[in-house]
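Take a look at the structure below.
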Number of protein chains: 2
Amino acid sequence: MSRWGVAERRTDALSKERIVEAAIEILDTDGEGALTFRALAARLATGSGAIYHHVPDKNTLLAAATDSIVTRAMAGVAGDLAPADAIRAIAVGLFDTIDEHPWVGAQLHRHPRSALLRIFEGIGGRIRALGVPEAAQFNSASALTNYILGVAAQNAENARSQGAGADRTAFLADVVRQWTRNDPARYPFVHSVAAQLRDHDDREQFLAGIDLILAGMDTLS
Amino acid sequence: MSRWGVAERRTDALSKERIVEAAIEILDTDGEGALTFRALAARLATGSGAIYHHVPDKNTLLAAATDSIVTRAMAGVAGDLAPADAIRAIAVGLFDTIDEHPWVGAQLHRHPRSALLRIFEGIGGRIRALGVPEAAQFNSASALTNYILGVAAQNAENARSQGAGADRTAFLADVVRQWTRNDPARYPFVHSVAAQLRDHDDREQFLAGIDLILAGMDTLS
DNA sequence: ACCTGAACACCGTTCAAGT
DNA sequence: ACCTGAACACCGTTCAAGT
């Protein structure tokens, strides 16, 4: 409080919001390994101890960053879609978000109960609107959420092992090489789909899985 | 090589197998956070640097430990089951294994391509036997694998946040409390299933998800 | 009240020195 | 060849000292 009233405040003062924002920038540009309290302090032009006045520890910071990104992704889903399309929109929205921020995928199965709950609620509401029997709603929402989580983790790992500006074609060719290196007698299925792997689209495959679960839910009513 | 021939060797000599075995013991009894090269060296009665003669780094060690557990789990699936039952057996086998070794769930989406590939092959083979159209086999195997992965991660996190000898009823009551603490107007679905959460069974819910995906696959042929 | 930055108690990993 | 264990370059977190 100054003689100018409530408004005046250093616009660059430290706050939880600014810290989370800076953390997201570091995570996006340099990856999970680059987020240290020292790097964060340097970017915010402060001491590393100062951060602890606004954030209790690193896990909480990562949860807050994840929550911020997931909230933004869920908010982008149009409200007037048919239930099944809304589920697809939520799923694809999360897929694209994790594609953009791979660290979110890795983070999503740790502490951030709140981010997960937001996803679960968004999907559950549409499942009810879809007319899935009451007794199957919980299991159905759980199945979809877990599937999305599994893909998220997988994608995060792919992005991590690929590095930032990697050539996707070269990457896939390398995975195909790894797959076909295994004994064909012990891995017949892997060999038979290795060719499809080369020119499949992750996003399409993800959506095919969503549709598979939606089709399964459809058989319940 | 001694004058006794090839056979003689100290049975307690360090080896990759003994290191992986000791790592699994530490992970099982004291959790992921307890696995350090210093703790491992102490348990093996050696110096921390000695481990690097048999294992290149910690990530490789964790991948080898995960691979060892997953291989054991997949080997336990009976060979004479009908395809759909075999898929259920693989899935439940992995579920129970991760229940017993929660760190495997957390580890499964990182490096161990080989563990993942083993699961993918096991499931893919049965999908083909199931008569799923050729064009849908890759996506179906991918969906099931990703779903299993998602549940694995979720379960690992639950086990971690529960601690070892925790009371499950008390834990669930606490989750219900967290769920219902949110605004009912913003989280109607979460509130409506909170009661079911209290006495649901994780294993049954997991299997219900598998059956949902199997039912979806059934609509394709 | 908020910030500073040295200090503490750890890590994974390396490497000269031993056997 | 294999092992030892001190040393190095980091971490997250704490805390006396400043403003």
Side-chain angles (χ1 to χ4, degrees), chain A residues 1-24 26-27 30-66 103 106-107 110-112 160, chain B residues 1-24 26-27 30-66 103 106-107 110-112 160:
Chain A
M1 196 81 78
S2 76
R3 64 192 182 98
W4 303 101
V6 187
E8 189 200 31
R9 212 188 320 174
R10 281 180 64 201
T11 48
D12 63 337
L14 225 43
S15 68
K16 191 182 172 180
E17 287 70 34
R18 284 198 64 227
I19 293 170
V20 169
E21 190 191 337
I24 290 174
I26 292 175
L27 288 162
D30 301 316
E32 256 188 292
L35 182 65
T36 68
F37 274 64
R38 283 168 181 81
L40 201 50
R43 177 177 277 257
L44 292 163
T46 183
S48 59
I51 298 167
Y52 285 90
H53 282 273
H54 302 91
V55 163
D57 56 33
K58 196 180 177 178
N59 280 332
T60 309
L61 176 59
L62 275 165
T66 304
W103 53 273
Q107 199 54 34
R110 297 207 250 275
H111 312 259
R160 218 184 49 77
Chain B
M1 196 81 76
S2 75
R3 64 191 181 99
W4 304 100
V6 188
E8 189 201 29
R9 213 188 318 171
R10 281 180 62 201
T11 49
D12 63 336
L14 225 45
S15 69
K16 191 182 172 180
E17 288 70 34
R18 283 198 65 227
I19 293 170
V20 169
E21 190 191 337
I24 290 174
I26 292 176
L27 289 162
D30 301 315
E32 256 189 290
L35 183 65
T36 67
F37 274 64
R38 284 168 180 82
L40 202 50
R43 177 177 276 257
L44 292 164
T46 184
S48 58
I51 298 167
Y52 285 91
H53 281 274
H54 302 92
V55 163
D57 56 32
K58 195 180 177 179
N59 280 333
T60 309
L61 175 58
L62 275 165
T66 304
W103 54 272
Q107 199 55 34
R110 297 206 250 276
H111 312 259
R160 219 183 49 76

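Below, chain A is the first sequence line, B the second, and so on; all start at residue 1.
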**Report entry** B:Arg38 side-chain proximity, nearest of D:dC8, C:dG5, D:dA6
**Finding:** D:dC8
Query raised in the report: Considering only side-chain heavy atoms of A:His53, which listed nucleotide, D:dG12, C:dG12, C:dC3, is closest?
Result: C:dC3
Query raised in the report: What integer distance in Å separates A:Ile19:CD1 from C:dC2:P?
Result: 12 Å
Query raised in the report: Roughly, in whole Å, what's the span from CZ in A:Phe37 to C1' in C:dC8?
Result: 16 Å
**Report entry** Watson-Crick or G-U wobble mate for C:dC10, both contacts under 3.5 Å
**Finding:** none
Query - Atom-to-atom span, CZ of B:Arg18 to C1' of D:dC2 - whole angstrom - result: 14 Å
Query raised in the report: How long is the line joining CG of A:Leu61 and C1' of D:dT13, in whole Å?
Result: 14 Å
Report task. Provide the Watson-Crick or G-U wobble partner of C:dA16, both distances under 3.5 Å; none if there is no partner. Result -> D:dT4
Query - d(CG, B:Leu14; P, C:dT19) in whole Å - result: 19 Å
**Report entry** Check: B:Lys58 side chain, B:Leu35 main-chain N or O, donor-acceptor pair, under 3.5 Å
**Finding:** yes
**Report entry** Heavy-atom side-chain proximity of A:Leu14 to A:His54 below 4.5 angstrom
**Finding:** yes
Query raised in the report: Looking at C:dT14, C:dC2, C:dG5, which one has an atom nearest to any side-chain atom of A:Ser48?
Result: C:dG5
Query raised in the report: When all nucleic acid strands are considered with a 4.0 Å heavy-atom cut-off, which category describes B:Leu35: base, sugar-phosphate, or nothing?
Result: sugar-phosphate
Report summary line: Output for pair (A:Asp30 CG, A:Trp103 CH2), nearest 0.5 Å, gives 13.0 Å
**Report entry** Of the listed nucleotides C:dC3, C:dT13, D:dT13, the one nearest the side chain of A:Tyr52
**Finding:** D:dT13
Query raised in the report: Taking atom C1' of D:dG12 as reference, at what distance in whole Å does atom CG of A:Leu62 sit?
Result: 12 Å
Requested in this report: Please determine if a side-chain N or O atom of A:His54 lies less than 4.0 Å away from the OP1 or OP2 oxygen of C:dC2.
Outcome: no
Query raised in the report: Taking atom P of D:dG12 as reference, at what distance in whole Å does atom CG of A:Leu40 sit?
Result: 10 Å
